[in-house]
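Since the structure comes first, as structure tokens, the remarks are kept for the end.
Every chain is numbered from 1, with letters handed out A, B, ... down the list of sequences. What you see is a predicted model, and the numbers here were worked out from it, not measured in a lab.
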Amino acid sequence: MLDQRLLRDNPELITEQLGRRGMSVDLTGLQLIAKQERDLEEQRSNLQAEGNRIGKEVGAMIKGGAAPGSPEVMELREKGNRIKQQVSVLEEEEKNLQVKLREQLMTFPNLPLAETPDGKTEADNVEVKRWGEPRTEGELEEHWQIAERLGLFETERSVRIAQSRFITLMGQGARLERALISFMLDLHTGKGYREVMPPILVNTASLTGSGQLPKFAEESFRCAEDDLWLTPTAEVPITSLHRDEVIPADQLPLRYVSYTPCFRREAGSYGRDTRGLIRLHQFNKVELYWFCHPEKSAEAHEQLTLDAEAVLEALELPYRRLELCTGDIGFSAARTYDLEVWLPGAGSFREISSCSICGDFQARRSAIRFKEGKSTQLLHTLNGSGLAIGRTMAALLENGQQVDGSVKLPAALVPFFGSDTIAAQ
RNA sequence: GGAGAGGUGGCCGAGUGGUCGAAGGCGCAGCACUGGAAAUGCUGUAUAGGGGCAACUCUAUCGAGGGUUCGAAUCCCUCCCUCUCCGCCA
């Protein structure tokens with residue numbers, strides 16, 4: 001959420017920065033509401049102060065021996081009553097304005113950082129790094145062809161169990177998924193990340209706090225009876241891990257790594273990526289998350305991205321890093337690097353991690369602050385996949401495919417998977 | 001699902017209508033004492049919003065919302081949550 005003070009004092013900045021995202025907003029009405037709200041607050045609190053004085057006066061008079069029904073006391077009591085009525089009128093107006101203001105502010109995305117390049121679509125993203133030697137020989141299979149041939153998952157039967165865009169991993173496929181989760185968690189905890197396994201049903205406040213609600217309700221699965229939603233990413237529960245907390249500055253940064261299943265409705269993506277592991281309603285992901293000091297967040301963003309890249313490098317998967325443009329960064333993000341892995345079967349790079357700095361955007365929505373000396377202020381949050389498991393498996397299958405039809409796995413995975421090869425069984 | 005108990009500051013815990021943002025303790029910070037420390041003593045120590053250059057000051061907040069009252073942590077209503085026991089269950 002954007003800062004109300006910024007709205008009051010410098011709405012031009014908001015208009016300008018949202019403009020970089022391709023949005024055209026007119027904030028004059030909202031700014032007026034914000035100012036009215038503050039005026040009302042002042043009137044109301046002055047009235048309340050007077051009411052408090054009267055209350056004390058009445059108490060003192062009665063204690064001093066005056067009869068509660070005596071004319072002097074009665075006069076004050078009636079004055080108090082009138083003030084109470086005025087206050088309740090003002091309070092209601094104020095509340096209406098507050099709700100309106102908040103509702104609107106909640107729908108605005110984060111302001112991009114200066115570093116985020118201007119642009120409209122993903123075509124304007126900037127490649128900033130490339131690693132590894134992509135395989136480009138012809139006649140390579142796509143991951144779903146390999147997986148079906150080797151019996152790593154069930155597609156038709158998954159529809160029977162659930163519906164389309166769900167997958168059932170089988171045998172070595174299930175084992176590889178499990179190996180990847182363990183491998184990534186171990187890699188990150190070895191660097192000091194604290195492992196978290198949170199609830200994956202989360203309440204509305206959690207989803208609002210990280211920015212998925214109110215705007216993107218149609219993207220999440222909901223358990224209507226219970227005010228609970230299936231989490232679309234571990235970013236949601238981890239953000240709320242410290243919701244409404246004040247953290248001592250010397251404890252920062254807090255770095256977490258979390259494996260969770262993730263659930264997305266993928267509304268509006270009919271017909272895209274219908275085969276295989278690329279786009280599913282349910283998928284596994286290992287997520288990296290930092291709570292950090294505002295002055296350290298830029299540095300943290302680089303480090304978090306390097307930590308995600310370390311997984312790709314350990315798995316010997318060629319990738320590139322993109323700096324997303326203002327038109328392509330997510331709702332809560334101020335700056336984002338996407339990591340794209342090379343899929344030789346598909347012949348393209350594919351997003352496998354998205355590493356974002358959210359500034360104080362989520363912290364304000366979730367009231368997560370830190371205390372340094374006497375001052376309490378909002379901290380910064382960052383998140384990034386480290387990595388999406390299903391897409392990692394797809395990449396391993398396509399990059400490791402051999403002429404004999406088997407798949408060669410990177411050495412780093414052998415201790416977890418128990419073999420360096422997946423062959424037909 | 002059945003029965004009961006309870007939600008007060010970073011923590012514990014007192015407080016059943018007025019001077020209570022809230023005793024006391026713990027913790028924490030500063031100062032004193034000390035060669036240094038412990039112990040001890042003194043002082044300070046919530047959050048949000050508004051006003052002021054500042055000292056400071058006003059308002060709100062004792063789970064949430066509503067009500068009674070001139071005045072509510074304290075009385076009334078509704079809701080939420082937590083804990084204990086029983087049942088069921090991975």
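- Under the side chain to side chain contact (heavy atoms under 4.5 Å, CB included) criterion, A/Ile62 pairs with A/Val58, A/Pro68, sequence neighbours left out.
- Nucleotide B/G1 forms a Watson-Crick or G-U wobble pair with B/C86, both donor-acceptor distances falling under 3.5 Å.
- Across all strands shown, nothing is found opposite B/U74 as a Watson-Crick or G-U wobble partner with both distances under 3.5 Å.
- By the salt bridge (Lys or Arg N to Asp or Glu O under 4.0 Å) test, A/Arg350 is found to be paired with A/Asp273, residues two or more places apart in sequence or in another chain being considered.
- The pair A/Glu309-A/Arg321 meets the salt-bridge criterion, since a charged nitrogen lies less than 4.0 angstrom from a carboxylate oxygen.
- Going from the C1' atom of B/C81 to that of B/U8 covers 15 Å, rounded to whole Å.
- If you check B/A55 for Watson-Crick or wobble pairing at under 3.5 angstrom, you find it has no partner at all.
- Across every strand in view, B/C11 sits in a pair with B/G25 that passes the Watson-Crick or G-U test at under 3.5 angstrom.
- If you take atom P in B/A39 and the same atom in B/G30, they sit 15 Å apart, rounded to whole Å.
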Could you list the donor-acceptor pairs under 3.5 angstrom formed by side chains in residues 87-108 of chain A, with sequence neighbours left out?
residue	atom	partner	partner atom	Å
A/Ser88	OG	A/Gln85	O	2.8
A/Glu94	OE1	A/Arg44	NH1	2.8
A/Glu94	OE2	A/Arg44	NH1	2.8
A/Gln98	NE2	A/Glu37	OE2	2.9
A/Thr107	OG1	A/Gln104	O	2.7

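- Taking atom P on both nucleotides, B/C80 is separated from B/G24 by 37 Å, rounded to a whole Å.
- The partner of B/U34, taking Watson-Crick or G-U wobble pairs whose two distances both stay under 3.5 Å, does not exist in any strand shown.
- Ion pairing between a basic and an acidic side chain is recognised when a charged N comes within 4.0 Å of a carboxylate O; A/Glu177 and A/Lys285 show no such pairing.
- In terms of the ring-ring contact (aromatic ring centres under 6.0 Å, His included) criterion, residue partners of A/Phe331 (sequence neighbours excluded) are, by chain and number, A/Phe216, A/Phe361.
- Spacing between B/G52 and B/C58 at atom C1', rounded to whole Å, works out to 11 Å.
- If you check B/A39 for Watson-Crick or wobble pairing at under 3.5 angstrom, you find it has no partner at all.
- Taking atom C1' on both nucleotides, B/C85 is separated from B/U78 by 27 Å, rounded to a whole Å.
- The partner of B/U47, taking Watson-Crick or G-U wobble pairs whose two distances both stay under 3.5 Å, is B/A60.
- Applying the side chain to side chain donor-acceptor pair (under 3.5 Å) test to pairs two or more places apart or on separate chains, those with a residue in residues 160-169 of chain A are A/Ser158-A/Thr168.
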Output one letter per nucleotide in nucleotides 66-71 of chain B: B when a protein non-hydrogen atom lies under 4.0 Å from the base, S when only the sugar-phosphate is that close, - when neither is. S--BBS
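- Screening residues 187-200 of chain A for side chain to side chain donor-acceptor pair (under 3.5 Å), with sequence neighbours left out, gives A/Tyr193-A/Trp290, A/Tyr193-A/Asp307.
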Quick one: what's the B/S/- string for nucleotides 46-64 of chain B, heavy-atom cutoff under 4.0 Å, read 5' to 3'? SSSBSS------SSS----
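- Between B/A14 and B/G25, the two C1' atoms lie 11 Å apart (nearest whole Å).
- A/Phe416 pairs by the ring-ring contact (aromatic ring centres under 6.0 Å, His included) definition with A/Phe183, not counting sequence neighbours.
- Look at the P atom in both B/G1 and B/G67: the space between them is 31 Å, to the nearest Å.
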Let me see the working for A/Lys296 and A/Leu252 under side-chain contact (heavy atoms from CB on, under 4.5 Å), right down to the final yes or no. CA-CA 10 Å; A/Lys296 300 279 178 61; A/Leu252 298 178; over 6 Å; no
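- As rounded to the nearest Å, B/U74 and B/A23 have C1' atoms that lie 15 Å from one another.
- For the pair A/Asn203 CG and B/C80 P, the computed distance is 14 Å after rounding to whole Å.
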